[in-house]
Amino acid sequence: MQQMVQVLVDEPAIDREFTYLLPPELASGRVPINVGTVVLVPLQGRSIRGWVTDLDPPTPGDVELLPISRVMSLGPPPHVVELASWAAWRWAGTRAHFLRTASADRVVSGLPSHSSGGHRGAQISVSADAPAWVAAALASDNKTPAVVRMGPCADEWPLVAAALRRGPLLVLVPTVAWAARLAGRLRQAGISTALAPRDWAGAAAAHAVVGTRAAAWAPCGPLRTVIVFDEHDEAYQEEASPTWNARDAAVERARRDGAQCLLVGPMPSPDSLAHARQPGAPAASTLITAPRPSELEAWPRVQIADRRRDDPTAGEWCGETLAGLLRTDSTVVCVLNRTGRARLAYCASCGELACSEHTGRPLRLEKQQFVDPGSGEKRPAVCESCGAIRFRRARVGVKGVAEEMERLARRPVIQIVGESAAAADSTADSTHRRRRAPSSQLADGPALYIGTEAVLHRVPSADAVAFVDFDQELTAPRYRAAEEAFALLVRAARLVGPRTGGGRIVVQTRLPAHPALLAAVEADPGDWIRAEVERRSQMHQPPAAAWALVSGAAASTYIDLLSAGDHAGELDIAGPAEGTWRVGSDDQDVLLHALAAAERPSGRLRVAVDPLRA
DNA sequence: CGGACAAGCTGA
DNA sequence: CAGCTTGTCCGG
């Protein structure tokens with residue numbers, strides 16, 4: 001009787017396992033056959049890649065089995081294959097999707113032999129005395145993740161070094177640059193290190209694996225410690241469906257390995273605090289905070305510029321504090337999350353903003369008419385309060401602010417918007433703008449920059465960062481708005497460095513008492529996060545509830561199935577709004593069970609579990 | 001996904 | 001009713 005194997009084909013639309021024969025010559029080839037091994041199989045006359053999922057499957061009745069055509073490559077180890085099955089459940093996706101992420105992007109027929117044997121932990125020469133709070137973080141029980149709070153400019157090394165001594169380590173960071181920097185530092189310390197997912201084979205053998213999102217699927221053996229830095233960062237979440245989150249996958253991976261998991265960052269996310277609040281774990285033991293003086297030191301000075309106190313006849317966008325900052329000889333990065341020149345208009349003689357008399361919303365100026373953006377209703381452009389007919393377009397975008405900045409600072413302002421950048425002066429036409437290489441946008445000496453959020457990623461360092469209109473971030477109509485706003489302050493903090501080095505952030509706002517702002521000013525997000533968690537719980541928002549957004553042509557059929565299912569009573573179905581339904585439940589398991597139980601109708605269907613934006 | 005096959009539409 | 005399109009099914 002010839003050996004059989006079960007194979008999951010790499011075709012998410014099929015998402016099924018099939019049994020194949022394993023010819024003896026393939027079973028004894030160079031690449032060992034294991035759960036996870038990548039093979040090529042015939043299916044309906046086609047040749048499809050797939051993963052071995054069972055080495056001893058039950059004999060299927062009444063079908064003639066075909067043999068595997070080729071053994072292609074080493075694949076994810078069995079425990080990662082199991083993790084992929086868990087993730088497929090957790091984010092209502094297919095196993096094939098996650099196994100792709102967990103597999104090398106080319107053929108791997110063997111692992112590097114030099115590092116495969118020895119446990120390198122013993123030879124680690126990194127400094128032995130970790131601060132007490134770092135030791136405490138690593139010593140907490142392995143049952144639940146420890147949430148570790150430290151300032152944005154704090155050095156991550158003591159935590160990494162202490163973790164290294166315990167055994168194999170997986171570190172996730174949000175950006176490739178951070179991963180490369182940390183991997184370099186680890187290698188310099190003599191640690192066998194792999195940068196995942198690029199060095200797939202290396203990750204299977206290294207003592208330390210560092211990488212971004214996909215590194216949660218690295219082919220490492222059992223881990224002793226898993227660290228996720230900047231666990232609040234949205235980069236960990238896949239935007240396309242399945243909307244999996246690498247932090248949450250890492251938490252589950254650590255749990256399965258019995259590894260200690262540290263969720264580290266300047267702002268513990270409500271989601272992570274929910275992870276840490278598993279049954280049986282006292283809340284106090286799971287949030288570990290850097291000592292007050294070091295957390296304070298790891299923040300720049302955050303200054304609130306209360307726009308309500310500014311002289312209204314001075315700058316339109318830059319208040320007194322910001323204007324003063326612009327006149328100093330320093331590098332200042334200004335952030336405004338809007339581009340262009342909006343079509344809002346205000347009266348040239350009395351300054352009244354043109355608004356609809358019915359809805360109160362601002363009107364757009366098109367030719368000589370006002371247009372209500374909501375209803376499309378038009379009326380002649382005449383000022384409601386003084387009757388004048390001359391209007392000026394409000395400068396609510398980066399371009400308008402750039403002009404004002406140049407006037408105040410009397411030096412050029414570099415605009416950085418999305419993928420392109422340009423000097424503010426009008427001679428730089430759009431073609432010129434597009435042809436410029438990114439590096440040429442950055443000035444040598446002190447310079448002024450203005451841009452959307454992208455500017456925080458593109459300018460490597462600055463003396464100060466100023467948020468021109470932070471209220472827009474704080475009050476955005478999304479349940480995570482305050483969290484996202486605070487994340488911007490964290491990014492800005494990294495650009496300007498700690499207060500001891502003169503790092504400074506200026507926040508222009510009309511909401512100077514907003515708890516998220518006070519948290520940054522005081523370098524202590526504790527109270528704000530606690531309030532945020534409480535608010536989410538009251539509003540039945542994540543993490544107090546689990547949500548799935550359902551959209552696509554087949555969505556209404558799928559929603560009908562969900563409404564008719566066994567657990568329909570425990571589901572909260574809202575919508576459709578713009579073709580999207582929101583299915584929620586206070587119990588994540590109930591939602592996931594319902595999603596899995598409802599049969600997927602044919603046709604386009606997107607199911608986004610726990611999306612960042614809902 | 002992509003081939004197979006069935007059921008519907010059209011035109012001389 | 002051949003010849004074509006469109007839809008549904010199913011894979012070892």
Side-chain angles (χ1 to χ4, degrees), chain A residues 1-29 31-76 78 81-82 84-85 87-89 91-107 214 217 238-244 550-562 564-565 579 595-609:
Chain A
M1 180 76 186
Q2 213 179 142
Q3 199 191 335
M4 296 176 298
V5 286
Q6 193 118 304
V7 175
L8 174 72
V9 292
D10 182 9
E11 189 62 77
I14 299 176
D15 195 31
R16 267 185 64 186
E17 286 162 308
F18 300 101
T19 307
Y20 289 88
L21 296 171
L22 178 62
E25 67 274 17
L26 291 184
S28 56
V31 176
I33 300 285
N34 233 317
V35 167
T37 302
V38 182
V39 294
L40 207 62
V41 292
L43 185 70
Q44 297 275 110
R46 290 194 290 162
S47 207
I48 300 187
R49 221 169 70 114
W51 295 271
V52 173
T53 52
D54 193 344
L55 297 173
D56 188 22
T59 314
D62 207 29
V63 255
E64 202 178 319
L65 299 186
L66 295 173
I68 279 177
S69 36
R70 202 141 67 84
V71 179
M72 288 182 75
S73 171
L74 291 177
V81 174
E82 279 173 35
S85 300
W89 156 260
W91 288 287
T94 62
R95 287 168 297 170
H97 181 98
F98 293 101
L99 288 175
R100 275 184 194 174
T101 310
S103 301
D105 52 8
R106 53 195 151 134
V107 169
W217 302 96
E238 175 78 40
E239 281 178 43
S241 178
T243 50
W244 64 279
V550 179
S551 59
S556 73
T557 317
Y558 189 63
I559 291 291
D560 289 346
L561 288 170
L562 286 171
L595 290 177
E599 205 170 319
R600 297 272 181 127
S602 59
R604 282 194 83 78
L605 180 69
R606 179 185 139 99
V607 179
V609 178

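When reading the values below, keep in mind they use all heavy atoms of this one structure, side chains included, and skip hydrogens, waters and symmetry mates.
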Practice task
Just call it for A:Ile14: base, sugar-phosphate, or nothing, with non-hydrogen atoms closer than 4.0 Å on any strand.
Solution key: base

Integer-rounded Å distance: [N] [atom2] and [X] [atom1]:
X	N	atom1	atom2	answer
A:Glu11	B:dG3	CD	P	12 Å
A:Gln44	B:dG3	CD	P	10 Å
A:Asp54	C:dG12	CG	P	19 Å
A:Arg46	B:dC1	CZ	C1'	4 Å
A:Arg600	C:dC9	CZ	C1'	19 Å
A:Gln6	C:dG12	CD	C1'	9 Å
A:Leu8	C:dG12	CG	C1'	13 Å
A:Leu66	C:dG11	CG	P	13 Å

Practice task
Check whether the side chain of A:Arg16 and the base of C:dC10 form a donor-acceptor pair under 3.5 Å.
Solution key: no

Exercise for the section: Check whether more than 12 heavy atoms from other residues, nucleotides or ligands sit under 6.0 Å from atom CD of A:Gln2, and answer yes or no. Expected result: yes

Practice task
Might you point out which heavy atoms bring A:Pro242 and A:Trp91 nearest each other, and give the distance in Å?
Solution key: CB-O, 3.6 Å

Fill in the blank from the handout: On a heavy-atom basis, the closest approach of A:Ala92 and A:Val609 is CB-CG2, 3.8 Å

Problem - Geometric class of the A:Phe98/A:Trp217 ring pair [parallel <30°, tilted 30-60°, perpendicular >60°] - result: tilted

